[in-house]
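Order of the sequence lines fixes the chain letters, A, B, ..., with proteins taken first and strands second; residue numbering starts at 1 for each chain.
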Amino acid sequence: MTDIVRTPEQQDAVACYEFLLERYTSRRPLSAMCTYRFELGDAVTQCVCMHAAVPVGLTPFQGFARDDGAVGLLGEIDLSCQVAFERALEQVQPAPDDSSLIFDMSAIRFIDHRALLALDAYAQSLRCR
Amino acid sequence: MRTGAPRGQVGHFHEAGFYGSDAEFGALIVPFAEKGTAAGEPVIIGYDDRKSGLLRSWLTDPSGVEFIGDKSLYATPARAIATYRPLFEFHVAIGAEQIRIAGDVPHPGNGGQWDRYESAVNTVWEDFPVWGLCLYDAASAPATVLDVVERTHPHIVSPSGERRASDRYQEVSVFEGLQSAPDPLEESRPIAELVNRSAADARHALAQIGRCRVAHTTLEDLLIGVSEAVNNALRHGRPPATVRTWATSDRLVVNVHDKGHGPADRLTGLVPASSSTSDPGLGLGLWVMHQLDVDVALIHADDGFTVRLRGGTMIG
């Protein structure tokens, strides 16, 4: 995957793809393994955080599509990964046949007010679409 | 039109009175409340149960007074400001020309930044036609507190009703607050010290140290506080950012120190910081910290700036 996430535009596109692929594989008999080189730095977080299965400690948080249609949030979200979280949210989208989108935050270990405000802004933006 | 002492003035009329007995307390608060209700002005009282009970028994018609029973109103200065503001907005929206408030600012020790609160509300409530009457028990309040009261209230009233300007009043921009007393634990060697580590590392260390020492909710508040303090130190302070933690069986003290000067704004933490950007989360960190049920102190010193967070069984 490394060579197709060199630029911010590529990273956003691939992060979106990763979210949709996670949704697809969560409901169908398909498994996929995505590999990224560490040299990508923050781009690794951007793309890897959209996966349900991630090596421990690789990303501070995960936000991924689940088989029940919800978005699972895991890990810790604070100022240090605020930009990555907001970029991840931009790639999250409800399934075409779902009228609502649920974020399951029961496994979040820490989330600060900035991330909560980002979630609120995301919800507001969905209403405007 | 405003009635009483603030007649013809705009903004917050911040007045202090000193009493030495229940009778003197009554002589100050009863006319304040009764003349307000007679003029059709909202009168908001935030006293404890005993004083509210006394006032109810003295008033001709207590139903005209809004008693705030929420015991957490004065839990922290920032929370008191956050509670009062929407009340003021509501009353102004429905046509109030003056709002009278009197409450129990905690004053035996006047710690926990209440000195900053008494100074800050001169500015924070300037947009509202508020008459704030702050009554202090001269018999029990320490001399340092009474000194602060004279320096934070532009107006003074006596139980006999005599009014005067406080010649010792200091504007918010030059107010000299009380120094935070050192915590005795700080004299000892910290149980943990982290230098230039992430907020996540600080949270993990504190979670490990704090478990079973303080209530779960207290520990969670401390984790939010330390997270904000470390992120601020790393982003806005001057390195190194050092987190020191002390612990007893039922108490935690956490200092987050950097070599910078700290925030210059006197209102820091008491109100959300004003922001010139469109980011609604910017400037909220220290304010969020001051909403928590833990003791927060912002300490400016020659060697840098420290945010001290304390939770659990408090001493003194």
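Counting heavy-atom neighbours within 6.0 Å of A:R27 CZ, excluding the residue itself, gives a total above 12. For B:D302, the CG atom sits in a loose shell: 12 or fewer heavy atoms of surrounding residues, nucleotides or ligands are nearer than 6.0 Å. Atom CZ of B:F175 sits in a crowded spot, with more than 12 heavy atoms from other residues, nucleotides or ligands closer than 6.0 Å. Atom CD of B:E89 is surrounded by more than 12 heavy atoms from other residues, nucleotides or ligands within 6.0 Å. The 12-atom threshold is not exceeded at CD of B:Q208, counting heavy atoms of other residues, nucleotides or ligands nearer than 6.0 Å.
Nearest heavy atoms, A:D78 versus B:A200: OD2-N, 4.1 Å.
Atom CG of B:N231 and atom CZ of A:R114 lie 6.0 Å apart (nearest 0.5 Å). For the atom pair CG (A:L79) and CG (B:L234), the distance works out to 9.0 Å, reported to the nearest 0.5 Å.
Heavy-atom distances place no part of B:E220 under 4.5 Å from chain A, backbone and side chain included.
With hydrogens and angles left out, the side-chain atoms of A:H113 and B:Q291 include no donor and acceptor closer than 3.5 Å.
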| field | Stepwise side chain to side chain contact (heavy atoms under 4.5 Å, CB included) check, A:L117 with B:L284 | value | CA-CA 11 Å; A:L117 287 168; B:L284 284 179; 3.7 Å; yes
